[in-house]
Amino acid sequence: MGKRKNVIAYLFVSPWIIGFILFTGGPILAVILLSFCKWDLIAPPRWVGLENYIKMFRSESEFWMVLKFTLFYTLLSVIVSVGWALFTALLLNQKVKGVRVFSFFYFVPAVVPMIALTFAFQLIFNKELGVVNYLLTLIRIRNTPNWLMDPNYVTWLVAVLNIYTFYTGQMMLIFDSALKEVPKELYEAAEIDGAGPLTRFFRITLPTISPILLFNLVTATINSLSASFTLIYPLTGGGPGKVTQAISLDIYYNAFKTFRLGYASAEAVILFCISAVVSLLMFILSKKWVYYEV
Amino acid sequence: MKRLIVLLGLLVGLVLMGLADETIVIRYAHWNALPPDPYNYVKAFEEKYPNIKVEFIQIPEAEYSQKLRTMALAGNAPDVLCLWEADLADFARAGWIIPLDEYVKQSKELSLDDFIPAVKKLMELQGHLYGLPWCFATEIMYYNKDLFDKAGVPYPNENWTWKDFEEAAKKLIVIKDGKVVQYGCDALSFQGLWYSLIGTFGDKIVDEQGRFAIGEGARKFLNWWYDLTNKYKVVASPQISTSGVVSADLFMAGKAAMAFNGSWMTSVYKDITDFSWDVAPIPKGVRQYSTLHTGFFAINAKSKVKDAAWKFIEFCMSEEGQKLINTAYSNPSARLSILKKGYYKVEGPKGPRNWSAIEKTAEFAEWGYTLLPPGLTFDLVKDFNAAILGQISVDDVIKRAIEKAKDILGEDRVVVQ
């Protein structure tokens, strides 16, 4: 009877397991194997050992530039997007009139297709016809910047524009529901003890929502590392030069524009390792600041 | 016994009837959706050949190349493929497509002499004729006639040199409060233009052996274009473009008197109503040069219906098919006899009028950079832009371009000019 029950249970979970093997586990294994091969999608893959990795880590390789930008972008975009999501969620928890209208406006950019959004940004930040530079000329600034083509601005800009991505909106909703779960009596008690808004935020709000903060930090990091493609590709295409070329973009170019599937797979393996190490570090460090209610 | 013979006879009859009625199905892939009636060339073909049915497969442009490659690898590529220039060579090398030389020789409809010169050149490079261009586009110059009139500058013509261009551009800028409000020329937006303009400075781009060939021409062009942009400020600063599309087109906004772009932009600019405009060939440098763009009809080597596939290609390349394709997509025919008939000309109220610019360009234009992987050529453009913005030196850009080309194509497929 027990065995039969087990079989039934396995049958129920089997669609997920089969799906995982076919669509996730299998491809991951294939990518690892391909990273040791040379393959142009025409001739059969040829085993080249560590050649792709050696090429990637040569001192003159462009990969270093790509890696540097990816890490800078990830760090900044995680701070910006998580900070923005928490800030808007806090605003939504204020007792003000029309909070639902605010909630709608905060979330709208998250559901606008990224292509449309990036085209709008290209227009807004255009050197000649953009509204930002027009406003700057009103305050008598003549040498207006070429925002998306100047390395000094564009790297910061792409990271800041993360506040308009879907996952920032999603994080805001998660923070919003977490904030609603913070026991009211804690705030009342703190208020009686004379705690101000900042003290209440750092001593009550943050520790209470810390598990959710950790969750959002981890997902934002993984998103920034791997899903940066959806924002950067239509916005800057990785340029000017290579200054905004994130690893995800480089993988796409190498795999599907130059058909160097082996090299692109090696980059994907490195990206996978970076994501795993960063996430692991976050979990280890979280033991010091995440508060789990027992 | 008699009954058995009658029964067998009936069966054979039925099988023969079935065979007579059999409809051949060919699969055909393209990145564009089929045009609506009355320009649907697939429908027109099916009406003409009722025993052949075309199963159309549309593959989005962004994944066209890799999808066709994976289909070919899996052995289920369509019978008729419309292949991009860079893919044609790879597919031919892999033996995935068949030469069409014999089909063309036997065709009453087509003759190799009737094609634009670049088709024959490609055939010489590849050893066989592996594909026929479904139509073509090229890169040309656009100019705002009203701004030229206002500045009293004569219009560009087919004899223009880069010196004429520079002089005109300097007269066409307008500066207000120390800020340029009208440029002589817009920045290069479509990636291919960099190679067309470098080509006029002498580099072969792709030589007779199919090798990537840049160097001195690129150096001279980039230095000159840098000066035009930064020293004389007659050319607008580079701006971001996504797959060759810019969000803010200074030419269309009437803020740049000239612009370089693909001939396909005639179908966009035809809606301009604010000013008169026209087209001209790209000015001459040490030689005339421009890039051609197309897709090549090719036949899958594993197709079981090759003759029917050829019939479809022959129809598409016939005057009947070309008329439909040229009109639907506003692109000219690569067949000289049909090109002259001008089915592709879709004029707007303010331009263009000088269609001969496209036809003249077709006489000297080459496939050039389109024969190379787009990942290499488009990636180099990011560095070209960075050089114009003063972020990397021109010499470093050329050095990096050659190194990158060697890395991607292999040492033997790169020549330093």
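Numbers restart at 1 for each chain; the letters A, B, ... are given by sequence-line order, proteins then strands.
Proximity of a side-chain donor or acceptor of Arg93(B) to a complementary backbone N or O of Ile42(A) within less than 3.5 Å is not detected. With hydrogens and angles disregarded, no donor-acceptor distance shorter than 3.5 Å links the side chain of Asn146(A) to the backbone of Ser237(B). The main-chain N or O of Gln122(A) is never found under 3.5 Å from a side-chain atom of Gln239(B) such that the two would form a donor-acceptor pair.
Counting non-hydrogen atoms of neighbouring residues, nucleotides and ligands closer than 6.0 angstrom, the CH2 atom of Trp31(B) exceeds 12 such neighbours. Within 6.0 Å of the NZ atom in Lys38(A), the count of heavy atoms belonging to other residues, nucleotides or ligands does not exceed 12. Heavy-atom contacts from other residues, nucleotides or ligands closer than 6.0 Å to OH of Tyr134(A) number 12 or fewer. More than 12 non-hydrogen atoms from other residues, nucleotides or ligands lie less than 6.0 angstrom from CH2 of Trp84(B). In this structure, Arg58(A) places its CZ atom where more than 12 heavy-atom neighbours from other residues, nucleotides or ligands lie under 6.0 Å away. Applying the 6.0 Å contact sphere to CZ of Phe272(A) captures no more than 12 heavy atoms from other residues, nucleotides or ligands.
Looking at Thr118(A), neither its backbone nor its side chain comes within 4.5 Å of chain B, counting heavy atoms on both sides. For a residue to count as touching a neighbouring chain, one of its non-hydrogen atoms must lie under 4.5 Å from one of that chain's; by this rule Phe259(A) touches chain B with the side chain only. For chain A, the nearby part of Ala253(B) is the side chain; its heavy atoms alone come within less than 4.5 Å. Of the two parts of Tyr252(A), only the side chain, counted from C-beta on, holds a non-hydrogen atom closer than 4.5 Å to a non-hydrogen atom of chain B. With a 4.5 angstrom heavy-atom cutoff, Phe384(B) does not touch chain A via any of its atoms. Heavy atoms of Glu60(A) lying under 4.5 Å from chain B are absent altogether. Only the side chain of Gln391(B) comes within contact range of chain A, with at least one heavy atom under 4.5 Å from a heavy atom of that chain. Only the side chain of Leu129(A) comes within less than 4.5 Å of a heavy atom of chain B; its backbone N, CA, C and O stay farther away.
Across Ala120(A), Gly241(A), Pro44(A), the residue that shares the most heavy-atom pairs under 4.5 angstrom with chain B is Gly241(A). Between chain A and the options Pro373(B), Pro238(B), Ala94(B), Pro374(B), heavy-atom pairs under 4.5 Å are most frequent for Pro238(B).
Rounded to the nearest 0.5 angstrom, Thr258(A) OG1 and Ile408(B) CD1 are separated by 5.0 Å.
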For this session: Please assess Asn143(A) against Lys179(B) for the test side-chain contact (heavy atoms from CB on, under 4.5 Å), listing each intermediate value before the final yes or no.
Result: CA-CA 8 Å; Asn143(A) 288 325; Lys179(B) 193 178 186 299; over 6 Å; no

Problem set entry | Test log, rule salt bridge (Lys or Arg N to Asp or Glu O under 4.0 Å), inputs Asp407(B) and Lys55(A) | CA-CA 10 Å; Asp407(B) 186 27; Lys55(A) 196 185 267 184; 3.2 Å; yes

For this session: Report the C-alpha distance between Glu128(A) and Val180(B) in whole Å, list the side-chain angles of each, state the deciding distance to 0.1 Å, and finish with yes or no for side-chain contact (heavy atoms from CB on, under 4.5 Å).
Result: CA-CA 9 Å; Glu128(A) 306 297 335; Val180(B) 182; 5.9 Å; no

Exercise. Going through the checks in order, is the side-chain contact (heavy atoms from CB on, under 4.5 Å) test met by Asp150(A) and Leu389(B)?
Worked result: CA-CA 8 Å; Asp150(A) 189 330; Leu389(B) 290 159; over 6 Å; no

For this session: Given salt bridge (Lys or Arg N to Asp or Glu O under 4.0 Å), test Lys242(A) with Asp379(B) step by step and report yes or no.
Result: CA-CA 9 Å; Lys242(A) 283 254 179 189; Asp379(B) 212 35; 3.2 Å; yes

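Cation-pi check for Lys382(B) over Tyr253(A) is met; the charged atom lies under 6.0 angstrom from the ring centroid and within 45 degrees of its normal.
Nearest heavy atoms, Leu41(A) versus Thr70(B): CD2-CG2, 3.9 Å.
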